[in-house]
Every structure is written in structure tokens, then in C-alpha cells.
2 protein chains.
Amino acid sequence: MIRFSTRGEYGLRMMMDLARHYGAGPESLTEIARHEALPPAYLEQLVGGLRKAGLVNSRHGAHGGYELARPPAQISVGEVMRVLEGPISPMVCATEGESEILCERQTFCSANVVWERVRDSVAQALDSLTMADLIPPRESQIIRRDHDTINVQAVASPATEGRKATRV
Amino acid sequence: MIRFSTRGEYGLRMMMDLARHYGAGPESLTEIARHEALPPAYLEQLVGGLRKAGLVNSRHGAHGGYELARPPAQISVGEVMRVLEGPISPMVCATEGESEILCERQTFCSANVVWERVRDSVAQALDSLTMADLIPPRESQIIRRDHDTINVQAVASPATEGRKATRV
DNA sequence: CTAATTCCGAGTGCGTTAGTAGGATATAGA
DNA sequence: TCTATATCCTACTAACGCACTCGGAATTAG
């Protein structure tokens, strides 16, 4: 129940790839698609929306490609997901940003509080993460411990907990 | 994005109707459907699952119908929604109760923490509400204020906030 | 006996999802 | 200038899931 579509998944993974590549010039769709093993033509569709939303910049022609418009720490996951999947809306009558009454029962329908709660907690979950939280910090890729090389994901997870407030 | 289907909506509204009727004997599907303005034949499908899950009891034949198997305060919204819509799973690779690896990227895919966060916060939102929180308390229906009769929904909303801890 | 019910499985139309296909435009490097 | 590599844009489509409906069997109160 209550599942994201592949738009959100693929799109977020694409953004993560761009975040890892941030600062190193534009990255082409072909590269991204190969890194993430995703259909390039489909990603093209998704990246169009991200560009229009001002989350990525593009460069035409040979050696062109895409790059994040802002540093990873200044792009929240919520922002990305809203562009890819639209407003958070566990039920039509509880859509983010919509004030219109769509159902004549809405005013007295107590089920509404359920959808609103879910909506707000999903929003909270997504808005409290930035792209930077999702990618392994640069340093960690060369850090070693006494017994073994640290694997990237082991470092990344705690980082998502101990993050500071976003100031976008 | 991330929307519940009508199964969840209709099913929950049906349960709410049963909760309001709790203690007054079985209620037939025809009645429920009329109260909530929902297609009876579709509700039939949904109530089947709720019965198998032990959330409602049924009585065959004339003057038969359905009733909650437990008092409203002892049925959480999460329990109801999981029966109607399946396990909470914003993404296949982050399904409640599933430990199986479905994607070879799962172990190192940092997008996973996003889906898990969303999953857990949805679960929290649903599990912290009981059916009793969704229906206006009995007393309120006869309470009057100095200027006017209190309407039921006005009483119901604050009640959902000031609830005590569930002990299921 | 009859009317009102639950119970069960199969079937169906429609909208959304997850893509593909094709072509126009822009740019770096030879 | 030419070519290869890109973005950009719109249209198309196959498959799937959702939201139901339908028909009929079994059960029970009056």
C-alpha cells in the first residue's frame, strides 16, 4: 500500500548520482543511466521536470549533460520527490496545497484526520533529508579503520541521523 | 504521489460506521453502504478480508450483518489499513515484514533509507490512532452549549488530538 | 416458505504506469 | 565545415492494477 512509482525511485537515484558527481562538471544521461542501470530514454523524461523545476542545469551538445543547480546539502529529498511525483496526497481530499473542497463529506468526514496525519508525516520524513544525507561523504571513501576498509554504506547511514537543520 | 486506494478509504469508512454502531447488534451491508454512500457489492469484497482478519464478526441470514469484533478503542487504524491495503511499502525494497533481498543493489542503495523512513513514519501515524479516535464520543451527541447545539464534527476534531495512549 | 442476508469467485472497462520511438536543435573538437 | 555527442520534445503503446459488477450458493428470522 501507499507506494511510490518508479518515477520517484529512478529520479531520486539519478539525483543521487548527480550529487556524487557534484563539482566535476556536467554528467551525461548515458553515464547516469549506466551507473544506475536504468533506461536512458525514460530518465530523459524525468530529468526534464527536474530541470524545469530548477533543480538541475543542463548543457547542450558534445561533452554536455546535467549537474545539480545547488549543492547537495541545499536540495531536500522532499523537493525532489514533489517534482517527480507531484504533491503529497495519500487521498485526493488531503492533497498538499489544495484548499478546494472536493467531496461534500469532507468537512465532517473524520477519516480526513487520518489522511492528513499520514500526509504530514510523509512530508516531514522527506523534507528532513537532503541529497547530501544520501551520499557517502567524500572523506569516508579514503578513511580506513584498524581492521578493514570502511564500506561506504556503513558510513552513510549514521550520517543521515546526525544531520543539522536545513537552511534552504 | 503515494496514494491510498479506495479499498483503504471505503474500508476505513465502513469500520467507522461499524464503530458508531458498536454495541447495538449487527449492521447489514445495505445499511452501511447507504450511510456512507458507497457501492454495497464492493464493500462486500472488503469486509470479507476484515472478517478473515478477525476485526469484524458476521451473522448470516435475515437481521444479520456485521459488528466490530473488539471495542473501537482496541482496534488501531494501522491494523485496519494493513488488512485492506497490505503491508506498508513505499517501495518494494522497503516492505514491512519482508527481509528478503529483492534487488541486488539493496545492500548499498542509500535511497533505501528514504523509503524506510517514510514507511516507518506512515506506520507510526496509522498505529497511533484507534477507531475510537475517529468517531465522535457518545456524550457529545447530547451535550448542548449556551448558544447552540454542538455539531458532532466540531467535537470530534479536538478529541483526536487529546487522546490518551493506546494499550492494545 | 420467503425475504433478507452473508459468502464466494469470476469477469470487465478504464485509467495509469513504464516505458519506446523518432526527430529537431545545440555544441565540442577534428 | 563536418561529425559525433548531447539535450530537448512530443507522441505512441503494451501491460497492469483498480474499481467495480454479476451470478449464484448457503444461512437464518419471522
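Per chain, numbering begins at 1; letters A, B, ... match sequence-line order.
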Would a distance-only check, ignoring hydrogens and angles, find a side-chain to backbone donor-acceptor pair under 3.5 Å from [X] to [Y]?
| X | Y | value |
| --- | --- | --- |
| Glu96(A) | Ile88(A) | yes |
| Arg3(A) | Ser89(B) | yes |
| Glu85(B) | Ser5(B) | yes |

Whole angstrom value for the distance that separates [atom2] of [N] from [atom1] of [X]:
| X | N | atom1 | atom2 | value |
| --- | --- | --- | --- | --- |
| His60(B) | dT6(C) | NE2 | C1' | 4 Å |
| Leu46(A) | dT7(D) | CG | P | 14 Å |
| Met14(A) | dA18(C) | CE | C1' | 14 Å |
| Ile2(B) | dT16(C) | CD1 | C1' | 17 Å |
| Leu29(A) | dT7(D) | CG | C1' | 8 Å |
| Glu67(B) | dT6(C) | CD | C1' | 14 Å |
| Glu27(A) | dA6(D) | CD | C1' | 14 Å |
| Leu50(B) | dT6(C) | CG | C1' | 14 Å |

Comparing Glu44(A) and Gly61(A) on DNA chain C - which has the more 5′ nearest nucleotide: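 Going by which nucleotide is closer to the 5' end, it is Glu44(A).
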Nucleotide of dT6(C), dA4(C), dA6(D) approaching Ala62(B) most closely (side-chain heavy atoms):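 The answer is dA4(C), which lies nearest to the side chain.
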Options dA6(D), dC8(C), dT5(D), nucleotide nearest the side-chain atoms of Arg51(B):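 In terms of side-chain proximity for Arg51(B), the closest of dA6(D), dC8(C), dT5(D) is dC8(C).
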Whether Phe4(A) and Trp115(B) hold their rings parallel, tilted or perpendicular, with breakpoints at 30° and 60°: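 Rings of Phe4(A) and Trp115(B): tilted, 30 to 60°.
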Report, one pair per line, the protein and nucleotides 12-21 of chain D atoms (nitrogen or oxygen only) whose separation is under 3.5 Å.
{"from": "dA19(D)", "atom 1": "OP1", "to": "Thr6(B)", "atom 2": "N", "distance (Å)": "3.2"}
{"from": "dA19(D)", "atom 1": "OP1", "to": "Thr6(B)", "atom 2": "OG1", "distance (Å)": "3.3"}
{"from": "dA19(D)", "atom 1": "OP2", "to": "Thr6(B)", "atom 2": "N", "distance (Å)": "3.2"}
{"from": "dA19(D)", "atom 1": "OP2", "to": "Thr6(B)", "atom 2": "OG1", "distance (Å)": "2.9"}
{"from": "dA19(D)", "atom 1": "O5'", "to": "Thr6(B)", "atom 2": "OG1", "distance (Å)": "3.1"}
{"from": "dC20(D)", "atom 1": "OP2", "to": "Tyr10(B)", "atom 2": "OH", "distance (Å)": "2.8"}
{"from": "dC20(D)", "atom 1": "N4", "to": "Gln45(B)", "atom 2": "NE2", "distance (Å)": "2.9"}
{"from": "dT21(D)", "atom 1": "O4", "to": "Gln45(B)", "atom 2": "NE2", "distance (Å)": "3.1"}

Salt bridge present between Arg20(B) and Glu36(B) (N-O < 4.0 angstrom):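 Answer for the salt bridge query: yes.
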Test item: side-chain donor near acceptor, Glu31(B) and His21(B), under 3.5 Å: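 No, because no side-chain N or O of Glu31(B) sits under 3.5 Å from a partner of the opposite role on His21(B).
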Contact summary for Arg119(B) and Pro90(B), nearest pair of heavy atoms: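 Nearest pair, atom of Arg119(B) first, then Pro90(B): CB-CD, 3.6 Å.
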Touch class at under 4.0 angstrom, heavy-atom based, for Gly65(A) against every strand present: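 It contacts sugar-phosphate atoms only.
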